[in-house]
Structures are given as structure tokens and as C-alpha cells.
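Accompanying notes for the structure given below.
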Amino acid sequence: MSSVLILNGPNLNLLGTRQPEVYGSTTLADVEAMCAKAAEKLGLSVTCAQSNHEGVLIDHIHAAKGVHGGIVLNAGAYTHTSIALMDAIASVELPVVEVHLSNIHARESFRHTSYIAPVAVGQICGFGAKGYVLALDVLADILNNK
Ligand code: DQA
């Protein structure tokens, strides 16, 4: 069975209470439960992790090599700043689907730049928590065609 890492970055532990008008009322636990359910239907297994620390996120990406077939990544604000995360993804050569709950392209201009996008297989944004399920669907196709 193919395994996928669902990795969430800074402040996403506060989902549900954090700016619900932007991010909705779904908690991170809800998102992770949705992912587990969707993964089961797709024949994938999932491991979930969240950190507010850039280096810890990088460690998770490094550790995914040889363990997981792909990564669903919402890097939060590090999306817009972290060359180190971009390099980590490029280094492990795993398919990464970039996810954002909000439509980052319809928000402040500093959110329009993603350092993840050039090394991701694609980006899903603006569909709330459903984006994670869409990302798993995409990864299932990629991993099953291997
Ligand atoms: C986010 C969008 C980012 O710009 C922001 O910094 C976040 C959440 C999203 O899921 O919409 O923390 O990644």
C-alpha cells in the first residue's frame, strides 16, 4: 500500500479558531480525519504531521524519503519565504502536492509567490479542507501509475 505524508506548517494547528472567515471552521483534527477517510477509499495509508518550525518541517521531508511515496504539503506562510523548504523538496525527489485552504492568488500580493510551486507536481488552493482530499486523489493516481 502506498503511503502519503500529510504535512502542515505554521499556525495550521490553530485551524478552526484562526481567522475562520478566511480558513473556515474545520479544525486540523477534522482535516486529518478527512484525509484518513479519503485515503482508505483510495487504497493509501496516511501519516499526519504539523510543525510551527521550518527546520522540523525540513526534517519531516527528509525522513519521508524511502518511507512515503508522496507528500501533501501546506507550508503555511513558509510557502512564501522558504528557499530551504524548496531545496528540501527538490532533494528528496518525492511528488509533493501543494495545498492551501484559501485562494492565495486572491489575497495579499506577498501570498502570490510560492517557493513550493516550482518543485511541486501542482498546487491546489481555495477549496478549503477539500483541497487535501483532492491532493490525495492526485497522489493516488501518480503512485498507482508507478
Ligand atoms: C495558507 C495560506 C498562507 O498564505 C498562510 O500563511 C497560511 C495558510 C492556506 O492554507 O490558505 O498560513 O497556507
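Bear in mind that the values here come from a model prediction, so they are computed numbers and not experimental data. Atoms within each ligand, like the ligands themselves, are counted from 1 in listed order.
Considering backbone and side-chain atoms together, Ala77 places an N or O closer than 3.5 Å to an N or O of ligand 1. Inclusion of Leu101 in the set of residues having an N or O under 3.5 Å from an N or O of ligand 1 is warranted. Checking only distances, His100 does come within under 3.5 Å of ligand 1, N or O to N or O.
A donor atom on one side chain and an acceptor atom on the other are found under 3.5 Å apart for Gln123 and His105. Thr79 and Glu98 form no side-chain donor-acceptor contact under 3.5 Å, judged by distance and modelled atom types alone.
At most 12 heavy atoms of other shown residues, nucleotides or ligands fall within 6.0 angstrom of atom OH in Tyr115. The environment of NZ in Lys41 is sparse: at most 12 heavy-atom neighbours from other residues, nucleotides or ligands sit within 6.0 Å.
Contact of the Leu57 side chain with the Pro10 side chain is registered, since non-hydrogen atoms from C-beta on lie closer than 4.5 Å. Side-chain atoms of Tyr132 and Asn74, non-hydrogen and from C-beta on, do get closer than 4.5 Å to each other. Asp87 places none of its side-chain heavy atoms less than 4.5 Å from the side chain of Ile58.
Taking every heavy atom of Tyr23 and a limit of under 4.0 angstrom, the matching atoms of ligand 1 come to 5 (C), 7 (C), 8 (C), 9 (C), 11 (O).
Contacts with ligand 1 closer than 4.0 Å are made by side-chain heavy atoms of Arg18 only, the backbone lying farther away. In Asn74, the part holding a heavy atom less than 4.0 Å from any atom of ligand 1 is the side chain. Contacts with ligand 1 closer than 4.0 Å are made by side-chain heavy atoms of Ile104 only, the backbone lying farther away. Counting heavy atoms closer than 4.0 Å to ligand 1, residue Arg111 contributes side-chain atoms (C-beta onward) but none from N, CA, C or O.
Atom 3 (C) of ligand 1 has His80 NE2, 3.5 Å as its closest protein atom, hydrogens excluded (heavy atom only). At the top of the distance list for atom 11 (O) of ligand 1, counting protein heavy atoms only, stands Ser102 OG, 2.6 Å.
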